[in-house]
Amino acid sequence: SLVPKARDSGSCRISAAIDRCCRHTYSPRRWTREGYAGSRTFSRRVFGRHVGIRVMTSADHIWPVIVIGSGPTGSAAAILLAQQGVPVLVLDRWSDVYPQPRAVHLDDEVFRILARMQLAESFTEISRPGLGLQLVDRSGHILGRVARLPEASCHGYPQANMYDQPELEQLLRQRMATLADIAFRGNVEVIDLNVDADGKYRVIVQDRESGETQCLNATYVLGADGANSIVRSKIGTSLEPLNFDQRWLVVDGEVDQELV
């Protein structure tokens with residue numbers, strides 16, 4: 001089975017897991033682009049337009065994959081699976097994209113994954129190639145420098161790319177909305193996760209508005225639910241802390257001139 005794994009550094013290194021999921025085949029009589037047996041469809045506004053969202057009403061329904069967490073890693077996993085024809089249910093505790101930036105940089109390998117999701121052109125419009133970075137002390141003395149070329153690397157894209165994470169997540173959500181094999185449910189909290197005797201995953205979710213709980217069944221569960229991952233706690237794994245020797249202050253600024 002697919003071992004759930006929490007999101008780490010937004011690296012989107014999920015190809016092996018997706019390839020394993022895609023080895024399974026799904027009968028077109030059961031899985032169709034028009035809908036799923038035992039489901040109902042309603043409309044929800046996603047970035048200014050209405051998108052059909054499927055919610056299962058049958059307790060016997062089994063999702064091929066449930067992705068917990070709709071950050072960059074979870075969204076990317078869902079898109080890549082759906083592009084291979086694997087139906088996916090994505091769960092997130094928020095309905096909309098988290099508005100504050102966290103990640104600000106990705107490299108040429110991750111850019112290539114975005115291209116695989118048909119997002120290369122859209123990402124180019126919201127990002128700019130980075131020339132590297134340099135560390136200076138309070139007097140301006142350079143302590144260290146990392147140089148990057150803005151030209152395309154061997155992967156076909158710039159080695160360093162600067163962006164605003166909420167804008168990237170919006171692109172991913174918009175791409176998800178175009179794929180019929182992805183169902184998204186926001187504003188739900190995963191409160192429990194277990195496996196039955198047949199190896200089927202049971203994901204217990206609670207609506208954050210109504211308080212209603214529901215049991216969702218899945219063949220695979222992919223945990224992409226961040227630092228405080230319930231998936232990580234349920235499978236008994238932990239993060240290895242890499243404590244900093246110094247305190248760091250990260251400042252995001254808006255400027256009205258070109259940066260050099």
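What you see is a predicted model; the values in this text were computed from it and never measured.
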*Asks:* ring-ring contact (aromatic ring centres under 6.0 Å, His included): which pairs involve residues 72-107, sequence neighbours left out?
*Replies:* none
*Asks:* In sequence, state the C-alpha distance, the side-chain angles, and the governing distance for S153 and D108, and then conclude on side-chain hydrogen bond (donor to acceptor under 3.5 Å, both in side chains).
*Replies:* CA-CA 7 Å; S153 70; D108 47 346; 2.5 Å; yes
*Asks:* Look up atom CG in L81 and atom CD1 in I182, then write down how far apart they are to the nearest 0.5 Å.
*Replies:* 8.0 Å
*Asks:* Any donor-acceptor pair under 3.5 Å linking the side-chain atoms of N217 with those of R202?
*Replies:* yes
*Asks:* Could you grab the distance from atom CG of L119 to atom CG of L168, nearest 0.5 Å is fine?
*Replies:* 8.0 Å
*Asks:* Is any side-chain N of the basic residue among R173 and D96 closer than 4.0 Å to the acidic one's carboxylate O?
*Replies:* no
*Asks:* Please, which pairs that meet salt bridge (Lys or Arg N to Asp or Glu O under 4.0 Å) have at least one residue in residues 205-214, sequence neighbours excluded?
*Replies:* E189-R208
*Asks:* Let me confirm one number: the CZ-CG distance from R148 to D107, rounded to the nearest 0.5 Å.
*Replies:* 8.5 Å
*Asks:* Hey, are the side chains of L172 and M117 touching, using non-hydrogen atoms and a 4.5 Å cut-off?
*Replies:* yes
*Asks:* Is there any salt bridge (Lys or Arg N to Asp or Glu O under 4.0 Å) pair reaching into residues 70-89, and which pairs are they, with sequence neighbours excluded?
*Replies:* none
*Asks:* Restricting to non-hydrogen atoms, name the atom on V90 and the atom on A78 that form the minimum distance, rounded to 0.1 Å.
*Replies:* CG2-CB, 3.5 Å
*Asks:* Could you state the interatomic distance from CD (E167) to CD (E125), rounded to the nearest 0.5 Å?
*Replies:* 11.0 Å
*Asks:* So how far is it from S122 OG to L114 CG, rounded to the nearest 0.5 Å?
*Replies:* 10.0 Å
*Asks:* Under the rule for side chain to side chain contact (heavy atoms under 4.5 Å, CB included), what residues qualify as partners of A115, not counting sequence neighbours?
*Replies:* A120, Y157
*Asks:* So which pairs with a foot in residues 240-249 pass salt bridge (Lys or Arg N to Asp or Glu O under 4.0 Å), sequence neighbours left out?
*Replies:* none
*Asks:* Which ring-ring contact (aromatic ring centres under 6.0 Å, His included) pairs, counting each pair once, include a residue from residues 121-144, with sequence neighbours left out?
*Replies:* F111-F123, F123-Y163
